[in-house]
Amino acid sequence: MDPAPAPAPAASRPGGGLAAPRAARGTRSRPPLGLIAAACLVAAASLVPLGFVVAMTVATGWETAFALILRPRTGELLGNTLALMALTVPLCVLLGVGGAWLVERTALRGHRLWAVVLAAPLAIPAFVNSYAWVSAVPSLEGVLSGTLIATLSYYPLVYIPAAATLARLDPAIEQSGASLGLGPWAVFLRVVLPQLRIAISGGALLVALHLLAEYGAFAMIRFDTFTTAIMEQYRSTFNGAAANMLASVLVAACLALLLVEARVRGSARYARLGSGAQAVPTRLALGTWQAPAQAALGVVAALAVGVPLGIVGRWAAAGGPGVWQTAELGRALGSSLGLGLLGALAATAVAFPIAFLAVRYAGRLSHGLELANYVTSALPGIVVALALVTVSLRSVPGAYQTTGLLVAAYVLLFLPRALVNLRAGLSQAPKELEEAAQALGTPPLLAFTRVTLRLSAPAAAGGAALVFLAVVNELTATLLLSPIGTKTLATEFWSLSSEIDYRGAAPYAILMIALSAPMTYLLFQQSKKAAGQ
Amino acid sequence: MTEQKQGPAPAAGAARPPEPRIAPAAAQAPEDTDWHLEIEGVTKAFGALQVLAGIDLTVLRAGTTAIVGPSGSGKTTLLRLIAGFEAPDAGRILLDGREVAGGTWVPAHRRNVGYVAQDGALFPHLSVGQNVAFGLDGARYRGRRAVAARVEELLHMVALDGSYVRRRPHELSGGQQQRIALARAMAREPEIMLLDEPFSALDAGLRVATRRAIGRVLAHAGVTTVLVTHDQAEALSFADQVAVMRGGRLVQIGNPFVVYTRPADRATAEFLGDAVILDAWLEGSLAMCSLGAIPVRRPTVQGRVQLMLRPEQIRIASDSPIHGTVLDWDYFGPESSVRIKLPERPADPRIPGGGEVITIRHWNAAMARAGMDLALKVIGEGVAFPVV
Amino acid sequence: MTFRPRALASIALAAAAALGLAACGASPGSQQQPTEDPNALTVYNAQHESLTKEWIEGFTAETGIKVNYRQGSDTEMSNQIIQEGADSPADVFLTENSPAMTQVENAGLFADVAADTAAQVPAEYRPSTNKWTGIAARSTVFVYDKTKLTEDKLPKSLLDLANPEWKGRWAASPSGADFQAIVSALLELKGEAATEAWLTAMKENSKAYKGNSTAMKAVNAGEVEGAVIYHYYYYGDQAKTGENSTNVGTHYFKNQDPGAFVSVSGGGVLKSSKKQEQAQALLKFITGKKGQEVLQKGTSFEYAIASGVPANEKLVPLAELKAPVVDPAKLNSAKVTELMTKAGLL
């Protein structure tokens with residue numbers, strides 16, 4: 001249900017559907033060794049960044065490490081980051097849940113349209129949003145500007161799962177709340193809101209992780225976070241000790257977030273119990289609140305979608321047709337598409353053994369493997385990139401500065417997007433179907449391809465599309481790892497906008513948004529389906 | 001593996017026409033016996049869990065065998081071993097006298113075994129027609145028309161018409177899905193059909209109808225059938241050989257009437273249906289209990305025993321020395337279930353028990369008012385189990 | 001023959017997984033840039049991308065040798081080259097400032113500059129070791145908001161900016177190699193203690209921007225009164241639309257002040273390069289007449305320094321800047337990063 005790294009516990013449960021009643025039977029047999037080996041290999045690779053951070057801290061020596069970690073600059077960055085989170089996460093939850101509630105549970109006029117519009121900011125990369133704002137209002141800087149841009153960019157991460165959950169929420173629960181004498185507002189607070197706990201905590205975790213990982217958006221408005229500071233250190237010292245130590249603090253912060261989220265989420269599952277058709281939820285009449293609700297959503301949409309699109313469009317218009325007619329634009333589009341495709345294919349292929357283990361042989365092993373990947377994907381791109389730079393330089397010099405290494409970074413960063421989808425797809429293709437095909441005279445390998453691969457293909461394609469979207473908009477790791485001469489839409493956009501060539505950057509922004517829009521819509525649609533599982 | 005070692009019991013007293021096909025060790029069987037499926041000493045463990053602890057079972061050609069047992073007894077695993085989805089740890093499996101598991105291994109797709117799963121396992125991405133045609137022998141049915149004709153024929157076999165060809169599995173009811181799954185499995189003209197609880201997902205009414213329809217199709221085609229179920233009524237009505245499974249072992253194999261009326265032990269008795277168990281004193285072939293002296297067939301023990309009767313054997317009589325007091329009753333249409341308390345002390349001091357509460361069935365609810373005193377008599381024989 | 005069904009499935013899955021991993025591993029070969037050419041040079045470029053692109057285009061037009069480049073910043077790339085050591089894919093390294101060159105030189109990774117190239121560049125823009133050569137120069141400048149500051153209120157020296165009265169009034173881009181080069185000159189001229197004190201004061205007094213152009217833009221927008229940057233950002237903007245420098249005045253510290261520091265951009269050929277000849281040819285082209293004329297006539301507004309090509313006529317001539325004399329070989333970038341990290345600027 002999550003657009004990006006889905007928190008482990010939610011995703012590691014076997015999907016429902018056909019597989020559920022028979023799942024127990026599959027689990028009793030032991031998974032094939034080749035499968036375990038492949039999945040372990042992937043999990044081991046995914047632990048490289050964590051291992052790197054630990055190894056670097058040890059190699060730096062405790063004394064130096066402490067000196068580098070316990071300096072005032074770290075405190076300053078921590079303060080900035082915490083302030084940003086303290087402001088942005090609640091705002092995102094407020095906007096996300098409020099928007100979702102209005103769209104799904106009230107008689108909001110045009111709620112179908114609003115449902116899509118509110119998800120739309122996800123198609124605008126945060127650094128493009130930042131570029132739009134800062135080029136229009138150059139004085140934007142600091143934590144409040146950071147909060148503004150981050151909130152507008154990331155609230156859909158809460159909105160989408162919240163809306164999906166609300167849409168699937170059994171209205172009978174609300175009705176029984178009402179029958180127990182609660183007013184509408186009390187029903188929302190005491191019945192509906194608690195059911196959104198998973199959506200909210202998961203969404204808030206994603207927002208917080210994005211805040212930790214984002215480079216471009218904050219660099220543009222001169223707001224220092226750990227990631228921007230690591231990038232600066234990198235640009236001064238390549239992979240020096242100071243950068244690595246900041247990275248280890250950043251990793252610690254990410255892990256802490258995962259733990260906090262796991263705590264908040266708790267072990268409870270809110271699902272519809274029992275079978276039977278679900279009633280269509282009744283929508284709350286807004287009455288005199290219709291106009292204020294429309295206005296509030298209008299403001300959000302104007303700020304989050306209108307402003308960036310308008311300003312990007314303005315710069316593009318000011319640039320005229322000239323800015324479109326550069327060889328660089330075509331080349332960058334080509335590399336972005338190529339890398340996106342490669343990343344999507346690789347992530348899907350690598351996710352396969354893990355998803356297969358998780359669905360067909362659910363157990364402690366498969367859970368652990370999945371967890372390893374989720375933890376890695378929670379790490380910021382800069383940490384993963386730094387780790388791969390160092391490890392490849394020292395251990396696999398042949399891989400250094402190759403497309404392969406960049407794709408490997410994409411796989412580590414975005415694997416869960418492929419994994420979550422593939423898992424859902426594979427649970428639609430239970431073992432029984434494969435066996436049925438075998439009993440009908442199909443050899444095992446052919447049965448596997450004709451039934452299991454075929455049935456999980458749509459979900460795999462959905463996951464691949466999401467990885468593609470992420471790769472196209474990835475900036476930090478691409479800056480560090482791209483092979484010589486490879487420029488993507490994101491990196492070209494970044495170098496142009498850093499030199500304040502706002503006009504030249506506009507076509508890149510437009511292409512990124514154009515590529516992201518259909519994927520965002522796909523994600524939005526998928527979330528609606530996934531929420532019930 | 002209790003009764004089967006004792007060899008076939010004489011069929012005396014069996015009310016149903018088919019002779020019991022209690023499976024003895026293969027060697028004891030007549031030379032010309034046409035065994036279609038032979039399972040010898042098969043074991044299977046998943047990790048530390050021993051799921052099958054030595055299974056011997058033989059199935060006659062064109063016979064219908066039901067493997068019945070509570071969930072977790074290992075019956076589905078046994079079926080999967082026959083199908084070739086799993087390999088046994090020890091022992092061997094023969095189809096048509098040919099070894100398919102044990103020393104040699106024949107994979108599922110080369111066993112020509114039909115298999116219908118609990119939910120039908122129809123391929124959701126294929127239409128009904130494509131599902132049925134999935135396993136068709138491409139060499140025999142060349143061209144679209146030949147395939148279409150065969151598909152239609154198969155659909156007719158399960159009483160569905162050609163209009164279903166283009167439908168998708170999710171558009172069908174559960175019963176239709178099961179019938180299509182059967183048609184699909186029949187497409188390869190298997191000599192043996194394995195049914196893994198194929199009716200359990202269906203509603204009660206549909207379950208019986210589908211079971212009859214499928215049973216007819218299989219009987220008509222003369223296909224050897226093995227059905228796995230946890231529903232004893234289903235097992236008793238469907239099969240001419242019932243194998244009762246518990247804890248990874250076959251505790252009794254025999255014809256439905258025999259296993260129902262003469263279960264091997266108390267647990268089997270209670271699993272196969274409601275049972276009235278009374279403390280009794282057995283002397284010769286007469287068991288004395290709170291319901292009087294009940295004849296017992298070929299008793300293996302003497303003295304203190306537990307006597308098993310089926311509730312329907314206990315009737316309300318107009319006149320009988322045995323009395324009981326109605327405690328309460330449960331009315332459900334065709335009959336009532338009546339709880340009766342037997343007298344505190346039996347007349348004869350040698351007889352154990354007394355004061356037991358038994359449940360019987362009776363068609364006339366008016367006969368059963370709380371506090372009423374009823375005269376009771378027992379029809380037929382009881383079964384004696386040693387006291388544990 | 002015992003052939004278990006799961007064995008087959010496991011082989012299939014392992015194959016699928018291997019395929020996936022191979023896709024990442026093998027792709028570098030199959031997915032290399034279409035421009036891949038065994039004779040192409042690889043430049044690690046920390047100079048302005050647009051400037052280097054002009055040089056490369058001129059060079060390829062003249063010699064037919066293709067050039068790929070990796071864009072980065074000075075010390076990022078110098079550290080990268082040092083880490084890569086003999087395996088570095090780089091043939092030529094171009095920087096904005098000399099400290100990064102010195103760093104690579106000290107690691108012993110540069111080949112000697114060819115004699116004909118050295119002959120084109122005056123000795124003051126070359127290290128005595130001849131391991132690299134100057135290719136362009138840029139001057140430190142204090143840009144200020146003309147609407148807020150008059151000439152008499154301008155700082156007399158870079159060191160004045162450490163005084164409390166400048167608190168919150170000036171900006172810089174401390175993460176950039178440009179500013180770090182200025183600090184390295186300060187370090188060389190005034191010593192470690194003074195530099196450390198100045199940096200500590202700077203952390204207190206200055207606003208940090210990312211990039212010199214952003215800093216200048218902030219001055220123009222009135223966000224801050226002045227900024228320590230390099231001269232060409234101002235001229236570059238003036239030559240375009242001037243929209244980011246309408247209100248901006250330039251103030252050169254002169255008087256051999258650390259703030260009058262003229263930084264030499266360097267170029268060198270890596271010892272590990274297997275295309276020494278082509279690499280030296282590129283260096284020769286850049287320091288030659290055509291290469292220097294790119295500086296004189298182009299939009300970079302950096303100073304031409306070699307082959308007798310004069311600076312762009314819009315610029316204040318180098319001779320008038322009264323820059324302090326600093327031996328480029330003595331500028332220590334590692335120490336600067338360390339001091340700036342210590343001061344909390346990085």
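FYI, side chains are in, hydrogens and waters are out, and symmetry mates aren't considered; it's all heavy atoms of this structure. Lettering of chains follows the sequences in order, A, B, ..., and the numbering in each one begins at 1.
- Of the atoms belonging to Arg111(B), not a single heavy atom falls under 4.5 Å from chain A.
- By the 4.0 Å N-to-carboxylate-O rule, Glu153(B) lies close enough to Arg150(B) to be salt-bridged with it.
- Both the backbone and the side chain of Ala437(A) have a heavy atom closer than 4.5 Å to some heavy atom of chain B.
- Using a 4.0 Å cut-off between charged side-chain N and carboxylate O, Arg92(B) and Glu38(B) make no salt bridge.
- Here Tyr115(B) contributes atom OH and Asp196(B) contributes atom CG; the two are 4.0 Å apart, rounded to the nearest 0.5 Å.
- A donor and an acceptor atom, one from each side chain of Glu234(B) and Thr229(B), are located under 3.5 Å apart.
- Within the 4.5 angstrom heavy-atom criterion, atoms from both the backbone and the side chain of Arg450(A) approach chain B.
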